[in-house]
Amino acid sequence: MILAIGGALLAAADFPGARWCGLLVLLLPIPWGLFFARGRGESWLQTHLQFRVARLILRLLEGLPNNLHTLTSDFIWTVMNWLLKLGALVSLLAGLAEVSSGAAALAAIAGELTGVLPIHAPAGLGIYEAGIVAGLRFSGISPAEALAPAVNLHLVLLATACISGIAALLRNGK
């Protein structure tokens, strides 16, 4: 989802060389393709489970919803969640780093993409900031100038997560 939304935002922001990033939107129909191919795909994969990739794909298919309504609802909520989160990050980062919305979008997406890296420090400390700094480099901001906005943005995200977690615990009476 982040690749598709990020690609669309980068293409819309008209970054040099980012025109082709808009093609990442073509990733969006993949859940429906997997949903409709699941029946035949699962039986074929179960006969070929000796392959590690087949086992991984089967586990991914098992995670799909069982009906089209739920898949569509989950997809819409996912898109709305990511658009809201990216909008907030872009707005905050544009103010913190004093850059355009397009530059802030690139940096926010770079920071969020660090979440898919296989190795993380606790709470993503350092890795998330490195993604933001790398994204801000495209707008001409030096790493030294970009570090404070990157750290502050990550602190806001961590604080939001902690406050949300505490609120959820209090709501459930724990």
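Residue numbers run from 1 in the order of the sequence given.
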Practice task
Calculate, to the nearest 0.5 Å, the distance between atoms OG and CG belonging to S164 and L169 respectively.
Solution key: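 S164 OG to L169 CG: 11.0 Å, rounded to 0.5 Å.
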Practice task
First locate atom CZ of F35, then atom CG of N67, and finally report the distance between them rounded to the nearest 0.5 Å.
Solution key: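 F35 CZ to N67 CG: 6.5 Å, rounded to 0.5 Å.
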Looking at [X] and [Y], what are the two nearest heavy atoms and their distance?
X    : Y    : answer
L136 : A103 : CD2-O, 4.3 Å
A94  : S100 : CB-O, 4.4 Å
L86  : A108 : CD2-CB, 4.4 Å
L28  : A4   : CD2-CB, 3.5 Å
L93  : A107 : CD2-CB, 3.5 Å
S139 : V99  : OG-CG1, 4.1 Å

Are [X] and [Y] side-chain neighbours, meaning at least one heavy-atom pair lies under 4.5 Å?
X    : Y    : value
L84  : N81  : no
L71  : F75  : no
L157 : K85  : yes
H154 : L125 : yes
N152 : V156 : no
L113 : L3   : yes

Under a 3.5 Å distance rule, please check whether [X] uses its side chain to pair with a backbone N or O of [Y] as donor and acceptor.
X    : Y    : answer
S91  : G87  : no
E112 : I109 : no
S73  : H69  : no

Practice task
Using the rule that two of Ile, Leu, Val, Met, Phe, Trp, Tyr join whenever any of their side-chain heavy atoms come within less than 4.5 Å, decide whether L147 and Y128 are in one cluster.
Solution key: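 No, no single cluster joins them.
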Handout entry: Cluster check W77, L68: I/L/V/M/F/W/Y, side chain < 4.5 angstrom
Key =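 No: no chain of side-chain contacts under 4.5 Å links W77 to L68.
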